[in-house]
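Worth saying up front: this structure is predicted, and the values here are computed from it rather than measured.
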Amino acid sequence: MLFNSLEFVIFLPIVFLLYWFVFRKRTIQNFFLLTASYVFYGWWDWRFLGLIAITSFCSYVSGLLLERFLNSKQKSRLICACNIIINIGILCVFKYFNFFAENIVGLFRMIGMNPDGITIKLILPVGISFYTFQALSYTIDVYRKKVLATHDIVEFFAFISFFPQLVAGPIERASNLLPQFQSERQFDYKKAVDGMRQMLWGFFKKIVIADNCAFVVNNYWSGHNELSGLTLLILGVLFTLQIYCDFSGYSDIAIGTARLFGINLMRNFNYPYFSLSIPDFWRRWHISLTTWFRDYVYIPLGGNRCSKGRNILNVFIVWGISGLWHGANWTFVCWGLYHGVLLTIYNLLGINTKKNGIISEGRFFPTIKEFLQICLTFFLAVIGWIIFRSNNLTEALSFITRMLSTMFIPSKVQCGNGLIYLMMGFAMLFIEWLQRDKQHALQLPNIYIFKFRAVRWSLYAGILVMMMMFTGQSQQFIYFQF
């Protein structure tokens, strides 16, 4: 079930009303959320409910076994390893089988052999990478004695399958989400209203910006060899805006929806396009995944507490895996390694921008230095997203080469309504710049004109009108494929 679908518009209020006004006991609410989440996921393809149930059950049992053999390091390690192998194995079969099969056949053909291609084509279950990583983090944290194993199978299954963040995150940690299923929840009107504001902003970014940018990008991308460098730059920026508004829009809707049910999800985006460096960018983009790789891959490898050479190797391992996590395509791997190179360069130059708070705090405009840093970081991100969006490495190299070599040659811009959506996208970023000290752009201060209800409702109505005026061809959320 898609957030931007009629089914969800009907589904959400029904679940909300039953949750708060019929099923008031915590244990029954948990069971109801579990049922609703399985309906939500099964709406896409009910056959894959078995996979999420297997992942949940294996992780639940592993937690109980780890608790039982808590004092046996050898047995605990074996239990944890078995659960990791099972869950990663399921993920690899469904996500990477076709990729590796095609590459093995291609390798044989390069050396003169012509084997029959493996013709099995497996459908990729929506959100499998997200709920698999969430389940793995629970097992590892129990093994590390950071969280206690849960004995309530319903609350655990609800933790893995909670529908707002099930198919595209945020990837939650057991230490944050499980205790919320284990405690009584009271309806909070202010929290619910703020959640609806965040949902509205998420829908605006998805419907008005992302979907319209996608329409232009999809129409012109394949013909990039016939377009000017300036047009290609505009297409690259449009996709940069598209993927941000698509994914952060999903996160806004997910976090806002969860708040309607008294659940607080972690923040997943912190205005990444205002970052002062690439390291700063990755502390602000898809925060739940970057911190997952930091805690469960980078630090166990040694992190930065080792020689400089080993640290560089650790960075490339993490970003190579991160690229592969995004999809079974060499473009994703190269996109990950591209950011690994950038992070290494920034680290070697000592440019890491440790500050992760509000950019230009207390000032309306950034300083000239900050503005140039933001522009450079944004441009480097655009190059990366071009690699990410391309169908293959040849296309990515051709697109970037043509764009950079002819970018400053005066030429006609050929991208339909692209310039209109480009201006709308930057207007959206300007609004977020003004609200960069808030959790989301519609977290309005109770001062000035916003303290008047009529003003707030006029703003909401204006956003809804824009959503109706600029509703384009509905697009599936990009990160559903991961």
Side-chain angles (χ1 to χ4, degrees), residues 2-6 8-21 164 185-213 241 244-246 248-265 267-271 273-274 358-365 420-472 474:
L2 301 175
F3 281 160
N4 54 334
S5 67
L6 178 61
F8 185 73
V9 173
I10 298 171
F11 170 83
L12 182 60
I14 293 174
V15 174
F16 175 81
L17 292 173
L18 291 175
Y19 177 83
W20 286 116
F21 299 104
R185 298 178 287 276
Q186 300 294 328
F187 180 72
D188 188 323
Y189 175 78
K190 290 184 178 179
K191 181 185 290 187
V193 169
D194 190 62
M196 293 184 69
R197 291 195 190 107
Q198 189 163 2
M199 290 174 65
L200 180 61
W201 185 244
F203 278 118
F204 171 81
K205 288 196 288 186
K206 168 61 177 171
I207 294 171
V208 176
I209 309 298
D211 285 356
N212 283 298
C213 286
L241 294 170
Y244 170 67
C245 291
D246 190 283
S248 71
Y250 178 95
S251 294
D252 283 333
I253 299 168
I255 294 169
T257 302
R259 298 190 80 187
L260 292 178
F261 297 93
I263 302 291
N264 293 313
L265 300 179
R267 189 175 189 177
N268 212 20
F269 288 85
N270 185 13
Y271 307 115
Y273 288 158
F274 305 144
I358 303 166
I359 302 297
S360 304
E361 187 173 9
R363 297 194 304 273
F364 186 82
F365 291 111
I420 295 175
Y421 302 134
L422 186 69
M423 290 187 289
M424 290 172 60
F426 280 113
M428 178 276 303
L429 288 179
F430 179 70
I431 294 171
E432 291 204 329
W433 171 264
L434 297 178
Q435 292 287 87
R436 66 192 184 279
D437 60 335
K438 308 293 191 303
Q439 292 291 311
H440 59 88
L442 290 184
Q443 192 173 14
L444 305 173
N446 192 28
I447 55 176
Y448 306 123
I449 61 174
F450 295 115
K451 66 182 178 180
F452 299 107
R453 180 175 295 180
V455 174
R456 296 196 301 271
W457 279 97
S458 296
L459 175 62
Y460 307 148
I463 292 174
L464 289 171
V465 168
M466 286 195 68
M467 289 167 58
M468 289 186 286
M469 288 177 58
F470 290 95
T471 297
S474 180

Below 4.0 angstrom, N of the basic side chain to O of the carboxylate: do Arg197 and Asp194 qualify? yes
Does any non-hydrogen side-chain atom of [Y] lie less than 4.5 Å from one of [X]?
X: Asp211; Y: Thr471; result: no
X: Phe3; Y: Lys206; result: no
X: Met466; Y: Ile207; result: no

Check [X] against [Y] and note the closest heavy-atom contact, atom names and distance.
X: Phe8; Y: Leu2; result: CB-O, 3.1 Å
X: Ser251; Y: Asn268; result: OG-ND2, 3.2 Å
X: Cys245; Y: Met428; result: SG-CE, 3.2 Å
X: Gly202; Y: Asp252; result: CA-CB, 3.7 Å
X: Thr257; Y: Pro164; result: CG2-CG, 3.9 Å
X: Ala441; Y: Ile431; result: CB-CG2, 4.2 Å

With sequence neighbours left out, what residues match Phe426 under ring-ring contact (aromatic ring centres under 6.0 Å, His included)? none
Let me see the working for Gln198 and Gln443 under side-chain contact (heavy atoms from CB on, under 4.5 Å), right down to the final yes or no. CA-CA 7 Å; Gln198 189 163 2; Gln443 192 173 14; over 6 Å; no
Give every residue pair that meets the salt bridge (charged side-chain N to carboxylate O under 4.0 Å, His left out) criterion with at least one member in residues 434-443, sequence neighbours excluded.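 Listed once each, the pairs would be none.
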Using the side-chain contact (heavy atoms from CB on, under 4.5 Å) rule, take Lys191 and Asn264 through it: C-alpha gap first, then chi angles, then the decisive distance, then the call. CA-CA 10 Å; Lys191 181 185 290 187; Asn264 293 313; 3.5 Å; yes
For the backbone of Phe364 and the side chain of Trp433, can you confirm whether one donor and one acceptor N or O come within less than 3.5 Å of each other? yes
Any donor-acceptor N/O pair, Asn212 side chain to Phe470 backbone, under 3.5 Å: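 Yes, because the side chain of Asn212 sits within donor-acceptor range (under 3.5 Å) of the backbone of Phe470.
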Salt bridge (charged side-chain N to carboxylate O under 4.0 Å, His left out) involving Arg453 - partner list, sequence neighbours excluded: none
Among all residues two or more places apart in sequence or in another chain, which pass the side-chain hydrogen bond (donor to acceptor under 3.5 Å, both in side chains) test with Gln435? none
Partners meeting side chain to side chain contact (heavy atoms under 4.5 Å, CB included) with Ile420 (sequence neighbours left out): Asn417, Met424
Gap separating the [atom1] atom of [X] from the [atom2] atom of [Y], nearest 0.5 angstrom:
X: Ile358; Y: Asn270; atom1: CD1; atom2: CG; result: 8.5 Å
X: Leu464; Y: Met469; atom1: CG; atom2: CE; result: 13.0 Å
X: Leu241; Y: Asp246; atom1: CG; atom2: CG; result: 12.0 Å
X: Leu200; Y: Ile463; atom1: CG; atom2: CD1; result: 4.5 Å
X: Ile253; Y: Met199; atom1: CD1; atom2: CE; result: 7.0 Å
X: Met196; Y: Phe203; atom1: CE; atom2: CZ; result: 10.0 Å

Go through it in stages, so that I can follow the logic: the residues are Leu429 and Tyr273, the test is side-chain contact (heavy atoms from CB on, under 4.5 Å), and I'd like the CA-CA distance, side-chain angles, deciding distance and then a yes or no. CA-CA 8 Å; Leu429 288 179; Tyr273 288 158; 4.3 Å; yes
Please tabulate, for side-chain N and O atoms in residues 10-20, each donor-acceptor pair with protein atoms closer than 3.5 Å (sequence neighbours left out).
| from | atom 1 | to | atom 2 | distance (Å) |
| --- | --- | --- | --- | --- |
| Tyr19 | OH | Arg185 | NE | 2.5 |
| Tyr19 | OH | Arg185 | NH2 | 3.4 |
| Tyr19 | OH | Phe261 | O | 3.0 |
| Trp20 | NE1 | Leu260 | O | 2.8 |

Relative to the ring of Phe269, is the ring of Tyr244 parallel (under 30°), tilted (30 to 60°) or perpendicular (over 60°)?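 Ring orientation of Tyr244 relative to Phe269: perpendicular.
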Between Trp201 and Phe204, does the ring centroid distance fall short of 6.0 Å? yes
